[in-house]
Each structure stands twice: as structure tokens, then as C-alpha cells.
Number of protein chains: 2
Amino acid sequence: MSSHKAVARPCAADKIRSSARDLFYSQGIRAVGVDEIVHKAGVTKPSLYRAFDSKDGLTTAYLSDYQQEFWDRIAVICHDHPDNPRAQLVAYFDGLAWRASQPGYRGCALTNAIVEYPEPEHPVRQEAARLKQQIREWVKQKVCALSVSDPDLLTDGLILLMEGTYGGGQVFRAPGPAAQVGKLARLLLSS
Amino acid sequence: MSSHKAVARPCAADKIRSSARDLFYSQGIRAVGVDEIVHKAGVTKPSLYRAFDSKDGLTTAYLSDYQQEFWDRIAVICHDHPDNPRAQLVAYFDGLAWRASQPGYRGCALTNAIVEYPEPEHPVRQEAARLKQQIREWVKQKVCALSVSDPDLLTDGLILLMEGTYGGGQVFRAPGPAAQVGKLARLLLSS
DNA sequence: GACCATAGGTACCGATCGGTAACATCGTCA
DNA sequence: TGACGATGTTACCGATCGGTACCTATGGTC
């Protein structure tokens with residue numbers, strides 16, 4: 001990647017990505033203007049449009065960055081529980097329950113983006129849906145390694161628990177139903 | 001209410017509420033301008049601002065209308081399954097699974113509004129959160145009438161399944177995990 | 001018919017939006 | 001030194017946003 005040099009002196013594009021990541025996640029995509037993004041990043045608007053072709057282009061980059069954070073968490077979990085898909089799934093849901101109980105939790109950036117961009121042909125929505133499908137397939141793969149009676153139903157149940165936490169974590173004040181998602185995932189996994 | 005006369009000659013406010021309901025739900029609140037709303041309603045902008053003090057005021061009215069549709073569905077279900085809270089819950093989740101599998105499904109208007117308006121003090125968000133709390137209490141009340149071992153955990157599980165269906169129904173193409181929410185609710189109810 | 005409240009229509013406002021043109025400045029490396 | 005690529009500066013564009021002033025038409029009451 002481009003991390004060992006970029007950390008020392010982050011270029012404008014990186015500062016913009018970081019600024020957009022924080023603002024888009026906490027305030028929503030449509031609610032944040034490009035002026036606010038470049039101001040927080042300490043750069044100017046032409047720098048944004050030199051690195052990204054449009055606000056939509058920056059938004060898809062934001063979704064990609066957010067998804068990378070997901071895979072980073074998964075990598076840590078898989079490292080902590082090697083060759084134990086059940087423990088990996090449980091660890092993810094325990095971490096999710098914790099994050100969803102923190103102040104400022106705003107759910108999943110991909111789901112939120114799909115809510116904000118309902119048009120099926122919109123590039124932001126298509127990218128978010130594509131990345132979501134990858135998550136679904138990761139869960140399905142882990143469930144299939146469990147040799148349960150109905151892996152498809154269990155996968156669907158875990159996905160609904162995840163999405164429910166993304167939504168319920170924003171909707172209800174802590175401690176909300178999202179705090180119990182670890183227990184509920186265990187319940188589903190053992191039935 | 002104001003239905004028996006309003007149907008014969010719907011006043012401007014009613015036409016605006018109906019137009020806003022369709023546009024806000026299908027395209028999102030921030031994505032729809034007041035010009036589009038009044039154009040679809042066949043009225044003009046001053047009529048909107050005579051009936052509502054602002055777009056936010058119209059939006060909270062939209063959320064209230066949407067919530068009423070929820071209570072109407074609940075009323076039908078309770079009429080179909082009197083004195084049987086378990087059957088009432090199951091019937092709701094079966095209906096939800098069906099709706100979430102229809103084309104154009106966009107989840108819950110209240111949850112979507114909270115995603116679109118993350119600021120805690122925003123009146124739209126506060127109204128949506130207030131109405132959501134009513135739903136949570138309805139579920140809790142039904143679950144408590146069931147005399148199960150851990151009613152709080154079951155309530156949280158059912159809420160997460162609901163919210164998961166709202167999100168997952170938009171994110172994944174049919175047939176997605178949302179289609180299984182009826183089975184999964186039964187599974188949770190019998191454990 | 002005189003009167004009045006309510007609703008609709010036309011035209012417009014200032015602010016903000018995403019996006020761009022043209023030019024100055026800086027650091028790096030040959 | 002000189003050339004170059006990346007960034008900063010300033011000013012601007014057309015479109016769209018939420019919201020409003022002003023006038024006219026309508027319907028009911030006395």
C-alpha cells in the first residue's frame with residue numbers, strides 16, 4: 001500500500017479520505033458538503049477534485065475504506081481464534097455488541113449509504129451493495145464450516161442480527177437491544 | 001379523523017401528506033425537495049407552507065402517518081388473533097417477511113429517518129425515536145404476556161430481527177435474509 | 001349584494017450546493 | 001539552477017435548495 005511514507009507527511013488525498021470518513025460516518029453523506037470536508041482536512045476544494053472525480057467518487061472511496069476496517073477487525077478475530085469458525089463468529093458479535101453500545105455509534109456505513117441512496121442504479125448504492133454481499137458470503141462461509149442442519153437459515157439469522165444491531169444501535173438509547181446481540185448470536189448458533 | 005369528507009374532496013394538506021408519504025419513503029427525505037412534493041400533489045408551494053411550518057414539520061407529519069399505518073396493521077393482526085400474543089407476534093413477522101420481499105421495499109420510515117438525521121437534537125430524529133420506542137414497548141408487552149424465562153432478552157431479539165429486516169430488506173436482493181424472518185422469530189419464540 | 005376568511009397561483013428571494021478556471025507557491029530531484 | 005508535479009489561493013459558475021410576498025379566486029354568512 002502507501003502507508004510507510006504517507007504517515008510521515010500525509011498527502012491531500014489521504015487527509016481528505018480521513019476527514020470524509022469521520023464526517024460521513026457521524027453526520028451522513030448527503031448532510032455533509034464538500035466544503036466542510038476540505039475545511040476539516042485542512043486542504044482546499046481543488047485538491048479534492050484533483051484526487052476524486054466527484055463527491056460520489058469520494059463517497060465510494062469512503063465506503064471502500066470503511067469496508068477495509070471491517071476486514072481488519074475480521075483478520076484480528078481470525079488470528080485470535082484460528083481454525084474455529086464458531087469462536088470467530090461469536091467474537092465478531094461480541095465486538096459488535098460492544099461497539100453498538102458506545103456513544104456516537106451510527107451503525108454500518110454501507111447500510112446507511114444504501115438508505116441514503118435508494119436509486120438502484122446509483123454508483124454509491126451499487127458499491128455499497130457489492131461490499132455488503134462480500135460480508136454475507138463471509139458469514140455464510142463460516143456457517144457452512146460449522147456443519148449445522150440448516151446453514152442457510154442460520155446465515156440469514158446472523159445477517160439479520162447484524163443488520164438489526166446496525167439499525168437498533170442508532171435507534172434506541174444504550175442499553176438497547178444491540179447490547180444483547182452476543183447472547184442472541186450464541187442462542188442462534190446452538191439451535 | 002378527517003377521512004369521510006376528505007376522500008370526496010381532499011384538501012391541499014391531505015394531498016401533500018399523501019405525496020410526501022410516497023416520495024419520502026421511496027426516495028428518502030433529504031433527497032426529495034419540496035417542489036417535487038407539491039408538483040406530485042398537484043398543488044403549489046405556498047399551500048404546503050400554510051399547512052406545515054417547514055419541511056421538518058411536514059417530515060414529522062410523514063413519520064406520524066407512517067406510524068399510523070403500523071398501528072393499523074397491528075390492529076388487524078390483534079383482531080385476527082384475539083388473546084393470543086404469540087400468534088400476534090408471529091403474524092406480524094410473517095407479514096413483515098412478505099413485505100420485505102416485495103420489489104421497492106425500503107424498510108422502516110422511522111429507522112431510515114434516524115439514519116438520515118443523526119443529530120440528537122433534530123426534531124425529526126427525536127420524533128422518530130419517540131415513535132420507535134412505542135413499537136419497542138408494544139413488543140415487550142406482548143412478550144411479557146407470554147411468560148417466558150427471559151422476556152427482556154426475547155424482546156431484544158425480536159427487535160433486532162425487526163430492525164435487521166428493515167435494513168437487510170433494502171441491502172440484499174430478494175430472496176434475501178429478510179424472507180426468513182418469520183421462521184427465525186418462531187425459533188426465538190420457542191427457546 | 002356586501003363582506004370576509006380561506007386557499008390557490010406567480011414570481012421571487014438569499015443561501016447553499018457540487019464543481020471549475022486560472023494562477024501562485026512549494027518541495028524534490030536531475 | 002531549472003524543470004516538474006503537487007498543493008494552495010481566489011474567484012467564480014449554474015443549479016437547486018427551503019421559504020415567502022403579493023395578488024386573485026372561491027365559498028359561505030348576514
Side-chain angles (χ1 to χ4, degrees), chain A residues 1-21 23-24 27-63 113 116-119 121-125 127, chain B residues 2 5-21 23-24 26-63 113 116-119 121-125 127:
Chain A
M1 297 309 186
S2 61
S3 51
H4 56 299
K5 288 278 183 184
V7 169
R9 191 176 58 84
C11 65
D14 291 335
K15 289 191 279 188
I16 290 167
R17 285 175 100 109
S18 170
S19 166
R21 146 76 235 236
L23 289 172
F24 281 160
Q27 296 177 224
I29 300 167
R30 297 192 110 114
V32 173
V34 292
D35 291 286
E36 197 177 350
I37 294 172
V38 298
H39 178 259
K40 175 170 174 138
V43 301
T44 55
K45 208 157 29 161
S47 292
L48 193 159
Y49 286 97
R50 274 187 282 259
F52 306 93
D53 55 331
S54 65
K55 187 190 179 184
D56 286 347
L58 173 60
T59 303
T60 57
Y62 154 64
L63 297 181
E116 288 201 77
Y117 293 88
E119 305 150 84
E121 308 301 323
H122 197 289
V124 169
R125 189 204 174 84
E127 175 70 0
Chain B
S2 61
K5 288 279 182 182
V7 170
R9 191 179 58 83
C11 65
D14 291 336
K15 288 191 280 189
I16 289 169
R17 285 176 101 107
S18 170
S19 166
R21 146 76 236 237
L23 289 171
F24 281 160
S26 61
Q27 297 176 221
I29 300 167
R30 297 192 109 114
V32 173
V34 291
D35 291 285
E36 197 177 351
I37 293 172
V38 297
H39 178 260
K40 176 172 174 134
V43 301
T44 55
K45 214 165 8 169
S47 292
L48 192 160
Y49 285 97
R50 268 189 287 265
F52 306 94
D53 55 331
S54 64
K55 187 191 178 184
D56 286 347
L58 172 60
T59 303
T60 57
Y62 154 64
L63 297 181
E116 288 201 78
Y117 293 88
E119 305 151 84
E121 307 302 324
H122 197 289
V124 170
R125 189 203 174 85
E127 175 70 1

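Every chain is numbered from 1, with letters handed out A, B, ... down the list of sequences.
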Value in whole Å for how far the [atom2] atom of [N] lies from [atom1] of [X]:
X: His122(B); N: dG18(D); atom1: NE2; atom2: P; value: 12 Å
X: Glu36(A); N: dG18(C); atom1: CD; atom2: P; value: 10 Å
X: Ile29(B); N: dC17(D); atom1: CD1; atom2: P; value: 16 Å
X: Phe52(B); N: dT20(D); atom1: CZ; atom2: C1'; value: 18 Å
X: Lys55(A); N: dT20(C); atom1: NZ; atom2: P; value: 15 Å
X: Leu48(B); N: dA21(D); atom1: CG; atom2: C1'; value: 17 Å
X: Asp35(A); N: dG19(C); atom1: CG; atom2: P; value: 11 Å
X: Asp56(B); N: dG19(D); atom1: CG; atom2: C1'; value: 12 Å

Report yes if a side-chain nitrogen or oxygen of Tyr49(B) is closer than 4.0 Å to either non-bridging phosphate oxygen (OP1 or OP2) of dG19(D); otherwise report no.
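Checking dG19(D) against Tyr49(B), a side-chain N or O does come within under 4.0 Å of OP1 or OP2.
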
Considering every strand and a 4.0 Å limit on heavy-atom distances, what is the contact class for Val38(B): base, sugar-phosphate, or nothing?
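Touches nothing.
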
Restricting to salt bridge (Lys or Arg N to Asp or Glu O under 4.0 Å), what partner residues turn up for Arg125(B), sequence neighbours left out?
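Arg125(B) satisfies salt bridge (Lys or Arg N to Asp or Glu O under 4.0 Å) with no other residue.
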
Output all residues satisfying salt bridge (Lys or Arg N to Asp or Glu O under 4.0 Å) with Arg17(B), sequence neighbours left out; order by chain, then residue number.
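Arg17(B) satisfies salt bridge (Lys or Arg N to Asp or Glu O under 4.0 Å) with Asp65(B) only.
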
Identify, with sequence neighbours excluded, every residue that meets ring-ring contact (aromatic ring centres under 6.0 Å, His included) alongside His39(A).
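Result, ring-ring contact (aromatic ring centres under 6.0 Å, His included) vs His39(A): none returned.
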
Please tabulate, for side-chain N and O atoms in residues 46-57 of chain B, each donor-acceptor pair with protein atoms closer than 3.5 Å (sequence neighbours left out).
residue: Ser54(B); atom: OG; partner: Asp56(B); partner atom: N; Å: 3.4
residue: Ser54(B); atom: OG; partner: Gly57(B); partner atom: N; Å: 3.1
residue: Lys55(B); atom: NZ; partner: Ile29(B); partner atom: O; Å: 3.0
residue: Lys55(B); atom: NZ; partner: Val32(B); partner atom: O; Å: 2.9

Output a table of nitrogen or oxygen pairs between the protein and nucleotides 8-12 of chain D separated by less than 3.5 Å.
residue: dG8(D); atom: OP2; partner: Ser47(A); partner atom: OG; Å: 2.6
residue: dG8(D); atom: N7; partner: Arg50(A); partner atom: NH2; Å: 2.9
residue: dG8(D); atom: O6; partner: Arg50(A); partner atom: NH1; Å: 3.4

Do Val38(B) and Val43(B) come within less than 4.5 Å of each other through their side chains, counting heavy atoms only?
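A side-chain contact under 4.5 Å exists here.
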
Who are the side-chain contact (heavy atoms from CB on, under 4.5 Å) partners of Ser19(B), not counting sequence neighbours?
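With sequence neighbours excluded, Ser19(B) shows a side-chain contact (heavy atoms from CB on, under 4.5 Å) to Leu23(B), Ile37(B), Lys40(B), Ala41(B), given in chain and number order.
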
